[in-house]
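The block underneath contains the structure these notes are about, expressed in C-alpha cells.
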Amino acid sequence: MPELMAMDGLTVVVERPPAAARPPILLIHGYLGGAWYFEKYQGLFAELGYPSYAVNLRGHHGSRPVADVARVPFAAYVEDALEVARRLAELERGVPPIVIGHSMGGLIAQKVAEAGMARALVLLCPAPPRGIPLISPHLFLRQLRHLPNLVRSRPIVGTLGDSRALILNRTPREEHEALDARFVAGSARTGLELLRGVPVDEARVRCPVLAISASHDRFVPPDVVRKVAAKYGAPFREYFGHAHFMIWEPGWDEPAREIEHWLDHALGLGHHATPGIIHLLELRNQRGKTVQLAFRDGHTVNAKVIAVDFEPPAEIIYEVRSVVEIGPEHLAGVRAGRVTAVPLDELRDFR
C-alpha cells in the first residue's frame, strides 16, 4: 500500500514491494500535475520488485507551500527532484535512483541526470530542452488563452476544455471531470521558461536513456520526442493509440512493462533473458551496419544487419562478417559470408 513521506517539506508518495530486490525509482510529474499521475505505475513496479517514490513538486498538493505559485522558477522544481534523488542515493550507498519523468517532469528528469543523479533515465512524452522547438498547433491555440496570465505572472489554471484537447484525448470521457479536478494551478514563470527553452548539456548525461512518445500526443508530438532521443543517442519508442496521458490511459501497462524490461537490460539486473522489444527496436535502426550479436546458444558473431522483422515469425536476418565465439550448442554452418535468419527470441544481446 502507498504511504505518504515528508522530505524537508516535500510530500512523496512511496510504494514498496514486499521484498525490495530492485533499485529505487524516482517519479516526476508534469505541469499542473502531482504524484497521483503515477498511481498505476507505482503499483505495477512494486509487483516487479521496485520501490518507487513519486514526488509532489513544491506548491502541488500540499507539498512545500509557496507564497505565489505563479512565480516559482523551473530551477526550484529541479532542486525539489534533486533533493529526493540525493536522499534516495544516500539509502543506496551513493548510487542514484532510476528517474522517470513525464511531460515537464521529463525535462526536470533531464536536469537531474545532467547533475549526475540518475542511474537510468526514462522520458515519457518529455518537454524538450533548449534547441528543440515545441511546435504543436493544439498547444499554440490553447496557450493564446493563457498569454495574459503568463505575461502578468498570474497562476495558470487549466480548464476542462484544455485537458480534453491536450491531455485526456485518449482517456475515457467518463473519467475526464474527475481527472481534471486533480490538476492544480501552474507557475507562469516556469511556463515562460519552458517556452524559451531550458538548456541541458547532453555530454553530462552519462546514464542509459530511453525516450518514449505517443502517436496521438497533442502536447509533445512524436517528432519532438524523436529529436530528444537523438540528442542523447537514446532508443526511441512511439506507442500507437496512446496520447499525452499514456501513464493513465487504457493499455497503460504495456509501455510500463516494456520500460521495466528495458531497465532490466540497460542496468544488467538479470531478470529477463532477452533484451526486450524496446532494445530490439534500437537494433532495427542498425540495418545496414555491422554489430556484434550474441545468441542464447552461446555463439557470438560480428554481422551486418539486413532486417529485423517483428511480425510472426519474428526474426533477425544478418550476414556474418566474422565469428567471435562458438558456443557448445552453436547453430550449424556459422561462418563468414553466410546470410542467416534466426528467431528473435534466440538473440541474447547486441552491441
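Each residue takes its place number in the sequence, starting with 1. Side-chain atoms are counted along with the backbone in the values below, which use heavy atoms only and exclude waters and symmetry mates.
With R119 contributing its side chain and P96 its backbone, the two residues share a donor-acceptor pair below 3.5 Å. Under a 3.5 Å cut-off, the side chain of Y37 and the backbone N or O of I28 do not form any donor-acceptor pair. No donor-acceptor pair under 3.5 Å is formed between the side chain of S52 and the backbone N or O of L26. Here the side chain of K231 pairs a donor or acceptor atom with the backbone of V200 at under 3.5 angstrom. Side-chain atoms of R218 do not come within 3.5 Å of backbone N or O of H244 as any donor-acceptor pair. Remark: side-chain polar atoms of S103 are not paired, donor with acceptor, to backbone N or O of G30 under 3.5 angstrom. A donor-acceptor distance shorter than 3.5 angstrom exists from the side chain of T190 to the backbone of F74, with no hydrogens or angles considered. With H265 contributing its side chain and T274 its backbone, the two residues share no donor-acceptor pair below 3.5 Å. Formation of a donor-acceptor pair under 3.5 Å by the D264 side chain with backbone atoms of H261 is not found in this model. Between the side chain of N56 and the backbone N or O of A35 there is at least one donor-acceptor pair closer than 3.5 Å.
D309 and R284 are not joined by a salt bridge, as no carboxylate oxygen comes within less than 4.0 angstrom of a charged side-chain nitrogen. Salt-bridge formation is not detected for the pair K304/E319: no Lys NZ or Arg NE/NH1/NH2 atom is positioned less than 4.0 Å from an Asp or Glu carboxylate oxygen.
Atom CZ of R22 sits about 5.0 Å away from atom CG of L269, to the nearest 0.5 Å. The CZ atom of R257 lies 10.0 Å from the CZ atom of F45; values are rounded to the nearest 0.5 Å. For the atom pair R287 CZ and I316 CD1, the distance stands at 11.5 Å (nearest 0.5 Å). Atoms CD1 and CG, on I100 and L124 in that order, are 6.5 Å from each other to the nearest 0.5 Å.
Applying the salt bridge (Lys or Arg N to Asp or Glu O under 4.0 Å) test to every pair with at least one member in residues 101-117, sequence neighbours left out, gives these pairs: K111-E114. Annotation: side chain to side chain donor-acceptor pair (under 3.5 Å) contacts involving residues 203-215, sequence neighbours excluded, are absent. Counting only residues at least two apart or on different chains, the salt bridge (Lys or Arg N to Asp or Glu O under 4.0 Å) pairs with a member in residues 180-195 are E39-R182. Here salt bridge (Lys or Arg N to Asp or Glu O under 4.0 Å) pairs that include residues 45-62, with residues two or more places apart or in two chains, are R58-D80.
If you chain together hydrophobic residues whose side chains sit under 4.5 Å apart, L4 and M7 never meet in one group. No continuous path of hydrophobic side-chain contacts links V95 to Y53 [ILVMFWY only; heavy atoms under 4.5 Å].
Aromatic pair W248/Y41: ring centres not closer than 6.0 Å. When ring centroids are compared, H279 and F350 come within the 6.0 Å threshold. Centroid-to-centroid, the aromatic rings of H29 and H60 come within less than 6.0 Å. Taking the centre of each ring, F38 and F245 stay at or above the 6.0 Å mark.
Ring geometry, F295 versus H299: the interplanar angle falls under 30°, so the pair is classed parallel (tilted spans 30 to 60°).
Crowding of R71 atom CZ: a count of heavy atoms from other residues, nucleotides or ligands under 6.0 Å not exceeding 12. By the neighbour-count criterion of 12 heavy atoms within 6.0 Å, atom NZ of K227 is sparsely surrounded, having that number or fewer from other residues, nucleotides or ligands.
Residues satisfying the salt bridge (Lys or Arg N to Asp or Glu O under 4.0 Å) test with E282, not counting sequence neighbours, are none.
Here V339 is tied into one hydrophobic group with I306, I317, each link being a pair of ILVMFWY side chains closer than 4.5 Å.
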W252 vs Y239, ring pair (Phe, Tyr, Trp, His ring centres under 6.0 Å): CA-CA, chis, key distance, verdict:
CA-CA 10 Å; W252 63 269; Y239 283 90; over 10 Å; no
